[in-house]
Engineer: 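Structure provided below as C-alpha cells; questions to follow.
Throughout, protein chains are lettered first and strands after them, A, B, ... in sequence-line order, and every chain is numbered starting at 1. Note: hydrogens, waters and symmetry copies are ignored here, and every other heavy atom, side chains too, is used.
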Amino acid sequence: MTLKRSFYVRPTVEVARDLLGKIVVHGSTSGRIVETEAYLGEGDLAAHAASGLTNRNRVIFGAPGHAYVYFIYGMYDCLNLVAEPEGTAGCVLIRALEPIAGLETMRKRRPAAPRTEDLANGPGKLTRALAITLRHNGCDVTRGPILVRDGPEENFDIGVSARIGITKSPDLPLRFFIKGNPCVSRRAQRKEPIRTAALRSDSA
DNA sequence: AGTTCGATCGCCT
DNA sequence: GGCGATCGAACTG
C-alpha cells in the first residue's frame, strides 16, 4: 500500500509521471496527486539543486523517498519527493491534490477556499491543507508522518506542459497532470494547450 | 477574464 | 540586501 523506496530510485521524470494518482497522507488528511513537476540536478537552471549542494537543498541530494520541503515568499511551504539514487539530485514538486479524507479539517485550515476543489489545488495550498511545513523537511515518506500510498487502479490521460512560475529554464516539458481533473492548479490552467476558443475570437 | 500587487522570511552572494 | 518552484484580493477594461 505505502510506496516502497524502490519506486523513487528512478529517473525524476518517470517518478513525476508515476506519482499521478498516488495518495499523500498526513494525519487524518489525504489527497490524490493530480499535478507534479520534475526538478532535475545540474543543468536544470530552475531547480534548487542547479548550483550544487547548499544547506537548504541538501535533502535533494540525499536518499530517495524523502520529503524536501522549502519555504517560499515568506508565507508558503512546498512539498517535493526526492527521486534518483542517493548522491544524485532530483525531486518532484507536488503541485495539486484532489482532497480525499479530512475535508472538514482542511476547510478549517483553508477558510479562503469554500469549494472542495480549491482546498489543495496549488503547491502552497496543499501543504496548508495537510499541515505540512518546513519541519517535515527530510522526513521519510516510506515511514511517516507523511506517507505516499498507492491509489486505486484507474485509467486517466496524462497531460504534459512547461513548468509554472519559473523564469530560468522555462520551456522544458516537465509538468505532468491528470487531464480534465478539476483540482489541477489554477495558475496552471492558463498554460494548457491552445483551445479552439482562441481561434474563434479572431473571427468575431 | 486578465493583470497587478502586497504580504513576508529563510536562504544564498 | 534581495530574491523567490505562491496566493488571493484589488484592480482594469
Side-chain angles (χ1 to χ4, degrees), chain A residues 12-13 15-17 19-20 24 31 33-62 66-84 89-97 99 106-138 160-177 182-192 194-202 204:
Chain A
T12 307
V13 169
V15 175
R17 199 181 48 224
L19 278 169
L20 294 175
V24 178
I33 299 172
V34 300
E35 181 180 348
T36 63
E37 281 174 1
Y39 284 89
L40 315 178
E42 184 187 358
D44 180 2
L45 284 311
H48 287 175
S51 40
L53 183 70
T54 68
N55 197 48
R56 174 218 213 182
N57 69 19
R58 64 189 333 111
V59 173
I60 306 174
F61 293 83
H66 287 250
Y68 167 56
V69 182
Y70 66 90
F71 186 63
I72 189 82
Y73 299 118
M75 220 175 288
Y76 298 105
D77 299 277
C78 291
L79 171 67
N80 298 253
L81 302 176
V82 176
E84 307 276 352
C91 65
V92 177
L93 173 66
I94 309 302
R95 278 199 62 89
L97 299 177
M106 294 191 201
R107 272 187 242 283
K108 282 184 201 136
R109 293 171 179 161
R110 291 204 15 86
R115 305 186 319 167
T116 298
E117 58 264 40
D118 293 328
L119 285 171
N121 61 342
K125 301 180 194 178
L126 71 91
T127 53
R128 189 151 296 178
L130 270 62
I132 293 168
T133 70
L134 209 47
R135 303 192 334 279
H136 297 101
N137 187 39
V160 183
S161 83
R163 294 172 294 185
I164 307 299
I166 55 168
T167 55
K168 294 199 180 130
S169 296
D171 297 326
L172 304 177
L174 295 178
R175 170 175 167 261
F176 305 92
F177 57 96
C183 297
V184 168
S185 72
R186 199 136 174 267
R187 292 188 62 197
Q189 308 280 7
R190 295 189 237 150
K191 273 218 140 131
E192 308 272 338
I194 302 89
R195 290 162 299 118
T196 51
L199 301 172
R200 283 207 279 124
S201 68
D202 219 25

Engineer: Within the stacking criterion (centroid distance below 5.5 Å, interplanar angle below 30°), does A/Tyr76 stack on C/dT6?
Structural biologist: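 So no, this residue does not stack on that base, at least one cut-off failing.
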
Engineer: Using a cut-off of 4.0 Å on non-hydrogen atoms, how would the nucleic acid contact of A/Gly74 be classed: base, sugar-phosphate, or nothing?
Structural biologist: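 Since a base atom lies under 4.0 Å of A/Gly74, the category is base.
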
Engineer: So what does A/Phe71 touch, heavy atoms closer than 4.0 Å: a base, only the sugar-phosphate, or nothing?
Structural biologist: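 Sugar-phosphate: the residue A/Phe71, judged by heavy atoms under 4.0 Å, touches backbone atoms but no base.
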
Engineer: Under 4.0 Å between a side-chain N/O of A/Lys125 and OP1 or OP2 of C/dG8, yes or no?
Structural biologist: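 Yes.
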
Engineer: On a whole-Å scale, what distance lies between the P atoms belonging to B/dT8 and C/dA10?
Structural biologist: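 It works out to 15 Å between them.
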
Engineer: Treat a base pair as Watson-Crick or G-U wobble with both distances under 3.5 Å, then lay out DNA chain B in dot-bracket form, 5' to 3', with | for cross-strand pairs.
Structural biologist: |||||||.||||.

Engineer: Between C/dT6 atom P and A/Asp118 atom CG, what is the distance in whole Å?
Structural biologist: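 Taking CG of A/Asp118 and P of C/dT6, I get 17 Å after rounding.
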
Engineer: Identify, with sequence neighbours excluded, every residue that meets side chain to side chain contact (heavy atoms under 4.5 Å, CB included) alongside A/Thr36.
Structural biologist: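 For A/Thr36, the residues satisfying side chain to side chain contact (heavy atoms under 4.5 Å, CB included) (neighbours in sequence not counted) are A/Ala16, A/Leu19, A/Leu20, A/Ile33, A/Val92, A/Ile94, A/Phe176.
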
Engineer: Apply salt bridge (Lys or Arg N to Asp or Glu O under 4.0 Å) to A/Arg58 and list each qualifying residue two or more places apart in sequence or on a separate chain.
Structural biologist: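 A/Arg58 satisfies salt bridge (Lys or Arg N to Asp or Glu O under 4.0 Å) with no residue once adjacent residues are dropped.
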
Engineer: Scan A/Arg128 against the nucleic acid and name what it touches under 4.0 Å (heavy atoms): base, sugar-phosphate only, or nothing.
Structural biologist: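 If one applies the 4.0 Å heavy-atom cut-off, A/Arg128 turns out to touch nothing in the nucleic acid.
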
Engineer: Can you name the one residue among A/Leu93, A/Leu79, A/Asn57 that meets side chain to side chain contact (heavy atoms under 4.5 Å, CB included) with A/Tyr70?
Structural biologist: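 When side chain to side chain contact (heavy atoms under 4.5 Å, CB included) is applied between A/Tyr70 and each of A/Leu93, A/Leu79, A/Asn57, only A/Leu93 qualifies.
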
Engineer: Could you state the atom-to-atom distance from OH of A/Tyr70 to P of C/dC3 in whole Å?
Structural biologist: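 Taking OH of A/Tyr70 and P of C/dC3, I get 18 Å after rounding.
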
Engineer: Distance only, no hydrogens: is a donor on one side chain within 3.5 Å (strictly under) of an acceptor on the other, for A/Thr133 and A/Arg135?
Structural biologist: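 Judged by distance alone, the side chains do pair up.
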
Engineer: On DNA chain C, does the nearest nucleotide to A/Arg110 precede the nearest nucleotide to A/Ile166 from the 5' side, or the other way round? Give the residue.
Structural biologist: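 Closest to the 5' end, via its nearest nucleotide, is A/Ile166.
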
Engineer: Expressed in angstrom and rounded to an integer, what is the separation of A/Asn57 atom CG from C/dG4 atom C1'?
Structural biologist: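 In whole Å, C/dG4 C1' and A/Asn57 CG are 15 Å from each other.
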
Engineer: Remember a base hit wins even if backbone is also touched, and classify A/Asn80 as base, sugar-phosphate or nothing at under 4.0 Å, heavy atoms.
Structural biologist: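 Touches a base.
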
Engineer: Given atom CE of A/Met75 and atom C1' of C/dA5, what is their separation to the nearest angstrom?
Structural biologist: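 It is 16 Å, rounded to the nearest whole Å.
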
